Participant: 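Sharing a structure, written as structure tokens. Questions coming.
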Amino acid sequence: MATVLLADSTWVLFVNICLNGLTTGFLYALIALGYTMVYGIVELINFAHGDLFMLGCFFAWSLVSAAAVATGSTGALLLLLAILLLTPLFCAAINWSVDRVIYRPRRSAPKLNLLVSAIGVSFIFMNIGQLWGGAQDLDFPRLVEDRNLLPADSGLQFSLIDAIVISVTVPTMIGLAIFVKLTPLGKAMRAVAQNPMAAQLMGINTNRVISATFLIGGALAGVGSVVYVLKIPTINWAMGFQNGLYAFTSAVLGGIGNIPGAVLGAILIGMVYSLGSWYDARWATTLVFLILIVILVFRPAGILGTHTREKV
Amino acid sequence: MIGRIGPWVHGSVLLLLLTGFACNKAPQNTPTASDDGGAKISLKGTGNDSSTSNNSPAGTEDGTVAPIPPKPAKFEGPTAKSGKIKIVSSLPRTGSAKGQTDTIVNGIKLALEEVNYKVGDFTIEYEDLDDATAQAGQWDAQRETSNAQRAVQDLDVMVYIGTYNSGAAKIAMPILNRADLLMISPANTTPSLTKPNTGDKDEPARYRPTGRVNYFRVVPTDDVQGPVAAWWAKKMKVKSVYILDDGEAYGKGIADLFKSECEDERVRIKVLGQETIDVRAQEFRALMLKIKKENPDLVYFGGTTQTKAGQLAKDMKSVGLDCPFMVPDGCYEKAFIESAGADVLNGRCYVTFGGLPPSELVKQGGKSKAFVEAYERKFGKMPDEAYAVYGYECALVALEAIRRAGEKNRQAITYAAHTIRNFQGALGTWSFDANGDTTLRVMSGSVVRDGQFQFETLLSIPPKR
């Protein structure tokens with residue numbers, strides 16, 4: 001009996017850790033999509049993307065703080081919907097402006113110039129973050145009560161917040177997939193990704209398509225920051241680097257430029273990280289990157305990278 | 001496409017491995033070559049004072065006073081009987097420790113103003129150096145090195161108040177030691193900085209390349225704090241504990257001491273596990289799920305606000321791990337409560353701290369009370385961060401050493417600090433022992449309630465029979 005119980009509780013822990021890894025993976029996925037879309041279109045690894053996500057978190061934090069001052073604590077759900085709408089708009093606007101002002105004039109320059117500009121933008125964002133929220137960790141106010149949805153006696157942990165994370169993330173990703181597959185703009189994106197010159201000759205306004213990509217990528221980072229602060233309510237100016245690195249790794253793991261690949265890579269990394277923490281918290285990061293190296297050795301283009309020639 | 005992303009993948013992997021490596025190595029890192037240090041060490045720093053002679057260092061009697069070392073025949077280096085003397089402090093003035101260091105600097109300024117920036121015929125000047133960078137968010141080895149070198153090269157500098165972090169002290173100590181520059185720390189609590197047999201074999205010798213002691217501290221060390229926390233847990237009827245640490249000199253050191261006291265036959269708290277966290281991780285839910293399965297009565301974290309104490313507390317709560325959370329004085333600051341959120345910590349977070357909170361200082365009367373009142377008058381609020389009084393005490397010691405030396409000579413002033421016994425400061429009456437440590441052993445325990453640290457109890461370790 002005792003051994004059965006032991007096996008049982010280990011199994012419960014395993015399931016809990018996998019559930020935790022899954023939600024963490026979805027958080028990375030939203031950021032990874034922004035990386036992968038921009039790379040697919042302009043072949044730029046937008047290093048500022050993680051920091052854009054960080055600015056989104058700060059924006060949401062400011063909105064919530066302002067609302068708390070204005071209204072007290074009522075209407076948390078309404079507030080959640082409001083930041084879920086406004087933060088993506090904010091991030092999309094920033095991403096679009098950065099492309100318009102910094103990347104577009106360098107469109108025909110060597111790719112390395114763009115990359116260095118992106119690193120510069122990343123530093124600018126980090127400094128803005130520091131001015132905005134100071135140098136220390138900030139606690140993000142809880143908008144949703146972190147209630148466990150599964151019966152307590154099962155020992156399983158799946159909270160309301162986990163449910164929100166998944167119910168925001170999954171439709172967003174399905175919506176994106178449908179958008180890219182079926183709409184005219186989505187078709188234009190795929191065309192530009194395949195061959196910008198040919199797309200332009202076919203009468204596609206490539207600059208407009210690229211702008212749209214930055215808008216969408218930014219909005220995804222915005223959605224990502226809202227679900228992130230629900231799940232992990234600590235924000236600081238440096239959070240973009242680490243999360244961006246994981247998201248970028250997810251994109252590479254799945255095959256950069258490939259939308260389902262980014263999601264798959266992110267979930268894989270979330271899982272590996274969570275399981276790695278189970279083994280030893282200190283080695284979890286190392287394990288993630290070890291697996292990345294192994295997979296890239298056997299599948300240099302990433303898990304789904306060779307399945308399609310299209311990069312969006 | 002692959003050819004283009006390849007270097008970036010490699011680059012980021014390499015970067016990550018490098019940062020991981022640097023982080024793991026940092027606590028042991030000393031920039032000076034210490035291989036020749038061991039042979040030259042005189043006995044001065046390793047005298048057989050009571051704190052080094054037994055396994056329970058906290059058992060030291062408060063009453064015993066180490067003999068004053070003999071005065072050297074001659075002090076080397078330039079000297080003067082009047083003029084300008086500079087006191088510098090090197091503290092993390094950027095990042096999340098800023099709240100703490102603001103009050104330390106206030107304490108220093110208060111002490112200097114009380115003597116009108118004058119000692120005998122000397123005029124005192126004070127300079128507030130920063131050893132942190134905004135990028136790191138905490139102290140930085142390069143900044144600390146350059147601060148120490150700058151102090152050594154400026155011949156007017158006679159006293160170096162600092163550091164805040166024990167890791168930073170390990171870097172500054174050998175540099176200042178070669179110049180016999182008096183260093184007084186308001187906050188370093190790692191025992192191995194001064195006490196033999198508490199760390200690596202060549203500690204503390206490697207911090208004293210000249211073999212002479214120039215480093216003093218006014219705070220009780222972790223070999224008191226770690227064990228005292230175990231006794232407090234015992235008093236709370238804790239039967240099992242899970243220990244976490246941040247892998248740094250301070251955090252891992254205190255967690256190890258806590259652990260060994262738990263395993264002591266007089267305490268007997270079952271240690272379910274000890275683990276070093278990844279301080280760059282954003283969340284620790286998987287770890288907390290694992291700990292929850294062990295079902296401990298207490299989670300102890302050897303670490304600071306800067307090494308994710310707040311996030312650990314949050315993740316404990318989010319996975320439904322409801323046991324109390326105990327942390328050392330590295331978290332005894334407002335920034336910790338702010339980063340974790342007051343609700344998360346309310347009534348369940350226990351903090352140990354060397355010394356007394358302002359409310360208790362007032363009750364002590366005398367210089368302690370006078371300090372709190374003077375501070376409140378000058379800065380318009382209570383010195384409610386833990387280390388304010390230690391900053392003040394450091395400056396008092398600096399002034400006393402300058403007064404006793406009576407000359408502007410680094411060796412003379414450092415020697416003068418050695419002669420300080422039964423000193424009456426804001427912390428009470430205490431002495432320096434031969435290692436440069438305070439004889440003070442007062443510890444207090446606080447609980448977080450309503451977003452404040454509330455003094456709960458005085459802590460001590462029962463003497464061994």
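These numbers come from the heavy atoms of this one structure, side chains and all, not from hydrogens, waters or symmetry mates. Chain A is the first sequence line, chain B the second, and so forth, proteins listed ahead of strands; every chain is numbered from 1. Because the structure is predicted, anything quoted here is derived from the model rather than measured.
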Participant: Please flag which part of B:Lys317 lies under 4.5 Å from any non-hydrogen atom of chain A: side chain, backbone, both or neither.
Facilitator: neither
Participant: Need one label for B:Ala340: side chain, backbone, both or neither, based on atoms under 4.5 Å from any heavy atom in chain A.
Facilitator: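 For B:Ala340, the contact with chain A is made by the backbone alone.
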Participant: Given side chains that start at C-beta, do those of A:Leu13 and B:Glu294 come closer than 4.5 Å, heavy atoms only?
Facilitator: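 No, too far: nothing below the 4.5 Å cut-off.
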Participant: Would you name the heavy atoms of B:Val319 and A:Gln157 that are closest together and state the gap between them?
Facilitator: O-NE2, 3.0 Å
Participant: What part of B:Ser318 lies closer than 4.5 angstrom to a heavy atom of chain A: side chain, backbone, both or neither?
Facilitator: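 Answer is both: backbone and side chain atoms of B:Ser318 are under 4.5 Å from chain A.
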Participant: Considering only heavy atoms and a distance below 4.5 Å, find which of A:Pro233, A:Gly276, A:Gly21, A:Ala238 pairs most often with chain B.
Facilitator: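 Among A:Pro233, A:Gly276, A:Gly21, A:Ala238, the one with the most close pairs to chain B is A:Pro233.
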Participant: Name the region of A:Phe158, side chain, backbone, both or neither, that has any atom closer than 4.5 Å to a heavy atom of chain B.
Facilitator: neither
Participant: Considering only heavy atoms, which portion of A:Tyr273 lies under 4.5 Å from any heavy atom of chain B: side chain, backbone, both, or neither?
Facilitator: side chain
Participant: Kindly determine whether B:Arg280 and A:Leu245 satisfy side-chain contact (heavy atoms from CB on, under 4.5 Å), including the steps that lead there.
Facilitator: CA-CA 12 Å; B:Arg280 280 153 301 133; A:Leu245 196 62; over 6 Å; no
Participant: In terms of heavy-atom proximity below 4.5 Å to chain A, should B:Lys98 be classed as side chain, backbone, both, or neither?
Facilitator: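 Looking at B:Lys98, nothing touches chain A.
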Participant: Give me the one residue out of A:Ile17, A:Leu19, A:Asn20 that meets side-chain contact (heavy atoms from CB on, under 4.5 Å) with B:Arg285.
Facilitator: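 In the set A:Ile17, A:Leu19, A:Asn20, the residue that makes a side-chain contact (heavy atoms from CB on, under 4.5 Å) with B:Arg285 is A:Asn20.
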Participant: Could you walk me through whether B:Lys308 and A:Asp137 pass the salt bridge (Lys or Arg N to Asp or Glu O under 4.0 Å) test, one step at a time?
Facilitator: CA-CA 9 Å; B:Lys308 300 275 155 78; A:Asp137 283 358; 5.5 Å; no
Participant: Return the CH2 to CG distance between A:Trp278 and B:Leu287, rounded to the nearest 0.5 Å.
Facilitator: 13.0 Å
Participant: Is the closest basic N to carboxylate O distance between B:Lys314 and A:Asp139 below 4.0 Å?
Facilitator: yes
Participant: Checking B:Glu338 against A:Leu138 for the side-chain contact (heavy atoms from CB on, under 4.5 Å) test, could you report, in this order, the C-alpha distance in whole Å, the side-chain angles of both residues, the deciding distance, and whether it holds?
Facilitator: CA-CA 7 Å; B:Glu338 279 160 15; A:Leu138 295 171; over 6 Å; no
Participant: Is A:Asp280 in contact with chain B via its backbone, its side chain, both, or neither, using a 4.5 Å heavy-atom distance?
Facilitator: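 Contact with chain B: backbone and side chain both.
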Participant: Examine the side chains of A:Thr285 and B:Asp278 and answer whether a donor and an acceptor come within less than 3.5 Å of each other.
Facilitator: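 On atom types as modelled, these side chains qualify, holding a pair under 3.5 Å.
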Participant: Any idea which heavy atoms bring A:Ile232 and B:Gln282 closest together, and the distance?
Facilitator: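 Of all heavy-atom pairs spanning A:Ile232 and B:Gln282, the closest is CG2-O, 3.6 Å.
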Participant: Give a yes-or-no answer on whether the side chains of B:Lys290 and A:Ser277 include a donor-acceptor pair shorter than 3.5 Å.
Facilitator: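 Absent: no donor and acceptor within the cut-off.
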